[in-house]
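I have placed the structure first, in the form of structure tokens, so that the comments after it can refer back to it.
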Amino acid sequence: MALAVDLVEDSPYRFRIPPRAPMRVPGVVFASRDLLADAEQSLEQVANVATLPGIVGASYAMPDVHWGYGFPIGGVAATDVAQGGVVSPGGVGFDISCGVRLLAADADGRQFQPALPAVMDGLDRAVPRGAGPGGVWRLTGPGQLERILYGGSRYAVEEGHGEERDLIRCEDGGAVGDADAAQVSARARERGLAQVGSLGSANHFLEVQQVAEVYDETVAAAFGLFLGQVCVMIHCGSRGLGHQICTDHVRAMDRAMARYGITVPDRQLACTPVDSPQGRDYLGAMAAAANYGRANRQLLSHAARGVFRRAAGTRLSLVYDVSHNLAKIETHEVGGRRRRLCVHRKGATRAFPPGHPELPADVREFGQPVLIPGTMGTASYVLTGVPGGDAFFSTCHGAGRVLSRHRAARTVTGRELRARLEASGIAVRPKSWRGLAEETPEAYKDVSAVVAASEGAGLCRTVARLVPLGVVKG
DNA sequence: ATGTGC
């Protein structure tokens, strides 16, 4: 049953949904009026999330909010573990640990341009993508998958697929420590086995980009970025493995929920207390998928490095790797007290402020790098976290879809879109024409407006804008 | 997002 939603503008870029039973906290939506056009369904989802047991602060929505499974995409919700706070797989999403990695080349666009076609052809061959099986790693046995589930990109680097800096500049040092592979079903393992080091499809991509604008030179330099520089951005997740884990644990929680006296306004919000067998099982499986997602991005980085070295004589250094679909146990101050919270970020990026102890030492004083993938014809952004801590140090994650895949594919054919992009100087290596058409830039909100609203709401600060030179897609 | 459906 959906709740009717009132929206009160508290300040520019900040709207509030007053709590009405059974909401336990208000909804807080960071956006402009323009960005909220047609957002009614997702605002109902923000209100639904506010009913969850143990939720603290507010049910938050980022400026790229749109409708999702149970929780809106662009949603942030934290629950107090000691107060019966719940964890919900719908608050993470099907693509557990979907995230973005940015690598910076030791070359600028002018030097690099002659090598671009050969690099794109090399990436076309080296990057497994599209639906179904295929990955850069052919696993030697189930033991190796187990090591990925525990070791994440740390394991990939140990096996020679990366360098030490890759771990320093990756969220959680390349692996989360609380994975429990025993909670990853046989079916999830089977799906994951043949997809290690693959991009997937839909909005996932690998792009060669160029830094088109720098808004803060000091912070950009600390992150390893300069104007004109060539970069590689990778956006992908945990493929069929994460999807199956979500499916399995939603079912388990749906069955167990009544035992804890929990009722939710939407069955897709299935949840149990963090401190329950089902809650712990899900968080263990989710952490294993998080590690799989990092290993996935690490292996694709290594494949891209090989191509850049051979075709352009260029090195790639990791700027940062951050997930935007994850729940984390974090300590935050709420109502004057430090509390242990389960922070769900679904289509929302963690954005730790300057000085946060979990940040790598060489960027700590500048805040956490936040990576925002845009759409093919437009731009992507690098942001940084700011002091303040609203929404538990979180910000937006991307442009946000406005046209359905079906409607998008009716506006343009894949071949037309490639011709248009190539004419504007962007090389395109699609696997599927249909998949390319579904990702036409018109299908998305203006990523610049999303970033401006996020900064205007005090969630982050803009560091650099990147534009695509070449796109590799499923 | 996804062996694009339960």
Side-chain angles (χ1 to χ4, degrees), chain A residues 42 45 62 64-75 88-101 128-135 145 184-206 234-252 254-255 267-268 270 282 285-286 288-290 292-294 296-297 300 322-327 344-349 373 375 397-410 414 430-439 443-444 473-474:
Chain A
S42 47
Q45 292 190 316
M62 304 296 115
D64 47 337
V65 65
H66 56 286
W67 185 87
Y69 179 90
F71 284 60
I73 296 162
S88 173
V92 172
F94 276 89
D95 194 3
I96 297 168
S97 192
C98 180
V100 187
R101 170 177 285 229
R129 57 200 192 275
L145 181 65
V184 179
S185 68
R187 202 170 178 190
R189 287 162 191 261
E190 201 178 303
R191 291 179 69 174
L193 207 57
Q195 300 181 324
V196 185
S198 66
L199 211 49
S201 54
N203 68 353
H204 289 162
F205 65 72
L206 184 151
I234 299 171
H235 177 207
C236 66
S238 54
R239 305 291 329 274
L241 180 124
H243 193 278
Q244 190 62 47
I245 286 172
C246 183
T247 304
D248 293 341
H249 289 262
V250 164
R251 185 176 300 141
D254 187 53
R255 287 183 185 140
R267 206 170 165 185
Q268 296 183 350
Y282 170 69
M286 184 211 71
Y292 183 98
R294 274 90 182 264
N296 196 21
R297 291 191 285 274
L300 290 170
V322 64
S323 170
H324 47 231
N325 281 8
L326 219 52
H344 302 73
R345 295 187 183 89
K346 179 189 191 178
T349 314
T375 56
H397 88 303
R401 190 168 264 283
V402 285
L403 290 186
S404 69
R405 303 200 158 276
H406 187 73
R407 284 192 61 196
R410 276 195 318 199
K431 182 160 179 190
S432 132
W433 291 118
R434 166 81 192 190
L436 190 70
E438 289 176 349
E439 291 297 312
Y444 288 89
K473 278 196 77 78

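Below, chains carry the letters A, B, ... as their sequence lines are ordered, and counting in each starts from 1.
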Under a 3.5 Å distance rule, please check whether A:Asn325 uses its side chain to pair with a backbone N or O of A:Ser97 as donor and acceptor.
no
Donor-acceptor under 3.5 Å (A:His324 side chain, A:Val322 main chain)
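Side chain of A:His324 to backbone of A:Val322: no pair is present.
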Between [N] ([atom2]) and [X] ([atom1]): distance, integer Å:
X	N	atom1	atom2	result
A:Arg401	B:dT2	CZ	P	13 Å
A:Arg129	B:dG3	CZ	P	16 Å
A:Arg189	B:dG3	CZ	P	18 Å
A:Arg251	B:dT2	CZ	P	19 Å
A:Glu190	B:dT2	CD	P	17 Å
A:His243	B:dG5	NE2	P	11 Å
A:Asp254	B:dC6	CG	P	14 Å
A:Arg434	B:dT4	CZ	C1'	10 Å

Residue A:Arg407 excluded, over 12 heavy atoms near CZ under 6.0 Å
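It does not: A:Arg407 CZ has 12 such atoms or fewer within range.
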Does [X] place a side-chain N or O at less than 4.0 Å from the phosphate oxygens OP1/OP2 of [N]?
X	N	answer
A:Ser201	B:dT4	no
A:Gln244	B:dG3	no
A:Arg239	B:dG3	yes

Select base, sugar-phosphate, or nothing to describe what [X] touches, counting heavy atoms under 4.0 Å on all strands.
X	answer
A:Arg187	base
A:Arg405	sugar-phosphate
A:Glu438	nothing

Is the gap between the ring centers of A:His235 and A:His397 under 6.0 Å?
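Between A:His397 and A:His235, which both carry aromatic rings, the centre distance is not below 6.0 Å.
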Just one of A:Lys431, A:Glu439, A:His204 clears the side-chain contact (heavy atoms from CB on, under 4.5 Å) bar with A:Lys473, so which one?
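That would be A:Glu439; it is the only one of A:Lys431, A:Glu439, A:His204 passing the side-chain contact (heavy atoms from CB on, under 4.5 Å) with A:Lys473.
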